[in-house]
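This report concerns only the one structure given below.
Lettering follows sequence order; numbering is per chain, from 1.
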Amino acid sequence: MIMDFRRKKLKRVRFAPSPTGYLHLGNARTALFNYLFAKHEGSTFILRIEDTDLERSKKEYEEMLIEDLKWLGIEWDEGPDRGGKYGPYRQSERLDIYHKYVDKLLKSGDAYYCYCTEEELEKEREKAIAEGRPYRYSGKCRNLTEEERSEYEAKGIKPVIRFKVPEKTVVFEDVIRGVVEIDTKEFGDFVIVRADGMPVYNFVVVIDDALMEITHVIRGEDHLSNTPKQIVIYEALGFNIPTFAHLPIILGEDRTKLSKRHGAVSVRALKDEGYLSEAVFNALSLLGWHPKDEKEILPKEEIFKQFRLEDVNKSPAIFDRNKLRWMNGVYIREILPLEEVTKRAVEFFEGFGYKADFEYYKKVMEAVRDSIETMLDIKERAKVFFVDEIIFSEDVVKEVRSDEKFYKVVEAFYQKIKDKGGISKEDFKTITKEIQQELGVKGKGLFHPLRIALTGESSGVGLDILVEVIGIERVKFRLKRFLEYFG
RNA sequence: GGCCCCAUCGUCUAGCCUGGCCUAGGACACCGGCCUUUCACGCCGGCGACACGGGUUCGAAUCCCGUUGGGGUCACCA
């Protein structure tokens, strides 16, 4: 029994963004797949902030990252905002830890000081490119004598620290890509500590993943070529090597890696454009992965249940906005309860200057939710519930004038309601039935004039609902305006 | 350019490992129709793909080789 318990060691995964901008969809998908894996396996999910690039990292970005992740519905067990046994979870706060391991590598001879200046290296690099061969660091400073070192120091050159890469072929098995083999000749001795003393990504990521006891490193395919660099460090330090899973990257419509230049591809932008987090969550989980049956609208629990890393496909995917739009529409009209969609819609109503109380918003949402796909669509679709000053376009004027029944229909309707104190959907139906019989108009011939009179538009929500929601006084007001305008 | 990865409708994908059930399935988009006395939702139908060329095999989307195309990566960024 005790053995059994020990064997069931919890898996630990992490999402490690650098706070250099908004959370974009590529990273969001990586975070999501880590989260899905954690949920499926019952493992621990860690958020770690990779802010060793002092130039680009900003505290504000970290806060936005956390906000966006939470909005998406991704939760972590340990992180900079909530602590945990393996903290701190911000790399800028772990510098002393890194330096301990740098010293260790220096002592064991696995790392060395390098005094080559950036200018020198740049020259070498240019030369290599000119000669058509790939650039690798020459290893010039690998075996400096104490005298040579003191000479450089005396000149005031601040050294970087490089890892002494052993000559070998690194082999590892990636959960998604299978066996990957890369020769260390491909990269050569790389920098692990900058001249300013700040350690570099490929080094710190190893220390953190090892110390935080990460068992599965799930990240974007763009890190595939970094993996052997990291493995040689794991080996030099005697750490356990985690299991790797490199996700296919997400491409923009031009088939290159998704980035800022592809326009609004941050989750923040999606949120502002009126997408629901549930829909984004659902759509993102279908990029590179798919459930066993053909149902695509899936509640989170179902995704947790079915998600398996082994089922993630290898080919990159282009993010399909159209499908997200459609899916968002499904969530708006079918999945979320009316009360909930209305809550989400409030800020948009207010943003459009459509002022009303929650109950009114709810009625409007009930009327329009079948015909909108994002909250931004509310602006056009719900306008008729808020704006009484209708402007008749030239085309409308022409149309009304050219059809004598047009005016008559509206007038007849007005006559029937002008003394009423209220109007319901049913009232509307009865009245239109009467007009149908009296004037001999039906279908479009009947509804179109009323729609124009009440909204100025030739399409929109069901009129029976419209009149009920805006109420008798506003109906009278709008009809009277029409009649006066064309009378 | 070196190295690595990928390759099914326009897009997301099922099938590929364990060849025959594939006349290649689903979804979005698009087109047409039905429902609705108006709008929308919904329903039904249509269009549309195994990158190419060689093998292997009785049989290949599925296995092998090559070609082409696309992508990633080559920092004192992450």
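Nucleic acid contact for A:L466: none, since no nucleic acid atom lies under 4.0 Å from a heavy atom of the residue. Counting any heavy atom pair closer than 4.0 Å across all strands shown, A:G220 reaches no nucleic acid atom.
Between A:F15 and A:W76, the distance separating the two ring centers is not shorter than 6.0 angstrom. Ring to ring, A:F486 and A:Y407 are not that close: their centroids are 6.0 angstrom or more apart. Two rings, from A:Y360 and A:F386, have their centers less than 6.0 Å apart. Two rings, from A:F482 and A:F413, have their centers 6.0 Å or more apart.
Distance noted for atom C1' between B:rC28 and B:rA14: 15 Å (whole Å). Taking atom C1' in both B:rC9 and B:rG48, the straight-line distance is 5 Å, to the nearest Å. Nucleotides B:rC6 and B:rC43, compared at atom C1', are 39 Å apart to the nearest Å. Remark: the separation of the P atoms in B:rG45 and B:rC50 is 24 Å, to the nearest Å. To the nearest whole angstrom, the two P atoms, one in B:rA7 and one in B:rG54, are 22 Å apart. Nucleotides B:rC3 and B:rU67 place their P atoms 13 Å apart, quoted to the nearest Å.
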Going 5' to 3' through nucleotides 31-50 of chain B, assign each nucleotide B (protein heavy atom under 4.0 Å from a base atom), S (under 4.0 Å only from sugar-phosphate atoms) or - (no protein heavy atom that close).
------BBBSSS--------
Nucleotide by nucleotide, 5' to 3', does protein get under 4.0 Å of the base (B), only the sugar-phosphate (S), or neither (-) in nucleotides 66-78 of chain B, counting heavy atoms?
-----SSSSSBBB
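A cation-pi contact links A:R125 to A:Y135, judged by a cut-off of 6.0 Å to the six-membered ring centre and 45° from its axis. Taking the ring axis of A:Y354 as reference, the NZ or CZ atom of A:K383 does not stay both within 45° of it and closer than 6.0 Å to the ring centre. A:K300 forms a cation-pi arrangement with A:F281, by the criterion of a distance under 6.0 Å to the ring centre and an angle within 45° of the ring axis.
The nucleotide B:rA49 finds no pairing partner, because no Watson-Crick or G-U wobble arrangement with both distances shorter than 3.5 Å includes it.
If you take CG of A:N322 and C1' of B:rU13, they are 16 Å apart, rounded to a whole angstrom. Atoms CD (A:E294) and C1' (B:rA24) sit 12 Å apart, rounded to a whole Å. The interatomic distance linking A:M327 (CE) with B:rC12 (P) rounds to 14 Å, in whole Å.
Under the salt bridge (charged side-chain N to carboxylate O under 4.0 Å, His left out) test applied with A:E373, the options A:R321, A:K323, A:R325 reduce to a single match, A:R325.
For A:I318, the side-chain atoms get nearest to B:rC12 when compared with the rest of B:rC12, B:rC6, B:rG15.
Below 30°, between 30° and 60°, or above 60°: for A:F172 and A:F244 the angle between ring planes is above 60°, a perpendicular geometry.
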